[in-house]
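All residue numbers in this chain count up from 1 along the given sequence.
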Amino acid sequence: MVEKIERKSLAEQVYDQIKAEITSGAWKIGERIPKEADLMTQFGISRNTLREAIRALAHIGLLETKQGDGTFVRNNSELHAIMQKRVRESSVQEILEMRHALDREAVILACERRTDEDLKMLKKYKQLCYLANKDNDVTAFLKADSALHLTIVKAAHNDLLLDMYVNILEEIQFSITSTTEMNPAVNKHNGHATLVSAIEKRDKEGAAHEVTEYITLFKQIAAKNGDNK
């Protein structure tokens with residue numbers, strides 16, 4: 001069956017070309033894009049057409065226009081930009097419920113599929129969490145904790161799950177950090193030693209239980225701080 005040929009407007013074509021510059025890495029995150037006059041000449045288009053394309057790219061979060069400074073690359077992935085925007089618009093309660101679902105599935109799959117190399121990395125970050133917590137080093141703890149959770153998702157060996165997690169990890173981590181900081185109750189996990197042990201033993205039920213434990217604790221602290229709306 002012959003399909004109808006898709007005709008894109010000029011602004012849509014410019015949108016695609018600018019997006020290609022961003023996603024290819026030609027225009028890097030944080031970098032200011034070329035001036036309007038230069039882009040108009042390069043693409044052979046009017047100012048209105050260019051601005052329409054830039055507005056659309058800014059809307060999804062790939063670009064950011066700063067009054068008086070110009071337009072800058074904010075993200076190099078459309079999925080990343082959209083997911084970040086969506087998470088920012090969500091309540092802490094919603095974010096924690098989503099993280100519960102992702103983390104629970106990740107640890108169950110990690111119990112089934114983790115390799116010896118995965119386990120080695122999990123133990124490495126578990127130890128770094130423990131040491132940072134012992135030294136009360138907030139920055140080091142959050143960095144190690146984030147790396148530990150990402151390693152668990154990698155150990156699940158599901159590329160789609162990993163892609164989703166990577167694209168929202170920063171926003172999830174920020175929301176939880178702002179809620180919990182180095183709360184003694186949260187850090188009783190000392191780097192999720194019990195969780196890592198469960199994954200090592202391939203104990204799905206035990207690993208899933210640990211996820212529910214720390215997410216429930218996050219929810220309680222968020223509610224106490226009035227951050228669950």
inquiry  = Looking at Gly25, is its backbone amide N or carbonyl O close enough to the side chain of Lys28 to form a donor-acceptor pair, meaning the two atoms are under 3.5 Å apart?
reply    = yes

message = If we count only N and O atoms by modelled type, under 3.5 Å, do the side chains of Thr41 and Asp38 hold a donor and an acceptor together?
response = no

Pair Ser197, Thr194: side-chain N/O donor-acceptor within cut-off below 3.5 Å = no

inquiry  = For a side chain to side chain contact (heavy atoms under 4.5 Å, CB included) check, start with the C-alpha distance between Leu50 and Ile18, then their side-chain angles and the critical distance, and finish with the verdict.
reply    = CA-CA 10 Å; Leu50 176 62; Ile18 293 177; 4.1 Å; yes

request  = Answer yes if the side chains of Arg99 and His149 hold a donor-acceptor pair under 3.5 Å, and no otherwise.
outcome  = yes

request  = May I ask you to decide if Leu102's main-chain N or O and Glu105's side chain share a donor-acceptor pair within less than 3.5 Å?
outcome  = no

request  = Please check if the side chain of Thr49 supplies one atom and the backbone of Ile45 the other of a donor-acceptor pair under 3.5 Å.
outcome  = no

request  = Decide, yes or no, whether a salt bridge links Lys123 with Glu200 under the criterion of side-chain N to carboxylate O below 4.0 Å.
outcome  = yes

message = Would you say that more than 12 heavy atoms from the other residues, nucleotides or ligands in this model lie under 6.0 Å from the CE of Met121, or not?
response = yes

Arg47 side chain vs Glu36 backbone, donor-acceptor pair below 3.5 Å = no

task = Give a yes or no on this: more than 12 heavy atoms of other residues, nucleotides or ligands lie within 6.0 Å of atom CD of Glu205.
result = no

query = Can you check side chain to side chain donor-acceptor pair (under 3.5 Å) on Glu97 and Gln93, steps first, answer last?
reply = CA-CA 6 Å; Glu97 288 171 353; Gln93 180 76 11; 3.2 Å; yes

inquiry  = One pair to check against side chain to side chain contact (heavy atoms under 4.5 Å, CB included): Val153 and Asn158. What are the steps and the verdict?
reply    = CA-CA 8 Å; Val153 179; Asn158 180 309; over 6 Å; no

query = Backbone N or O of Lys124 within a donor-acceptor pair of the Gln127 side chain at under 3.5 Å?
reply = no

task = Please say which of Asp145, Ile152, Val196, Thr151 ends up in a side chain to side chain contact (heavy atoms under 4.5 Å, CB included) with Tyr125.
result = Thr151

query = More than 12 non-hydrogen atoms from neighbouring residues, nucleotides or ligands closer than 6.0 Å to CZ on Arg113, yes or no?
reply = yes

task = Take Phe141 and Asn136 through the side chain to side chain contact (heavy atoms under 4.5 Å, CB included) test and state the conclusion after the steps.
result = CA-CA 8 Å; Phe141 178 85; Asn136 200 35; over 6 Å; no

ask   = Looking at Glu112 and Arg202, does any basic side-chain N land under 4.0 Å from a carboxylate oxygen?
value = no

note = Distance col, row Ile199:CD1 vs Lys126:NZ, nearest 0.5 angstrom, shows 11.0 Å

task = Applying side chain to side chain contact (heavy atoms under 4.5 Å, CB included), run through Lys19 and Leu57 and close with a yes or a no.
result = CA-CA 8 Å; Lys19 187 173 77 170; Leu57 288 160; 4.1 Å; yes

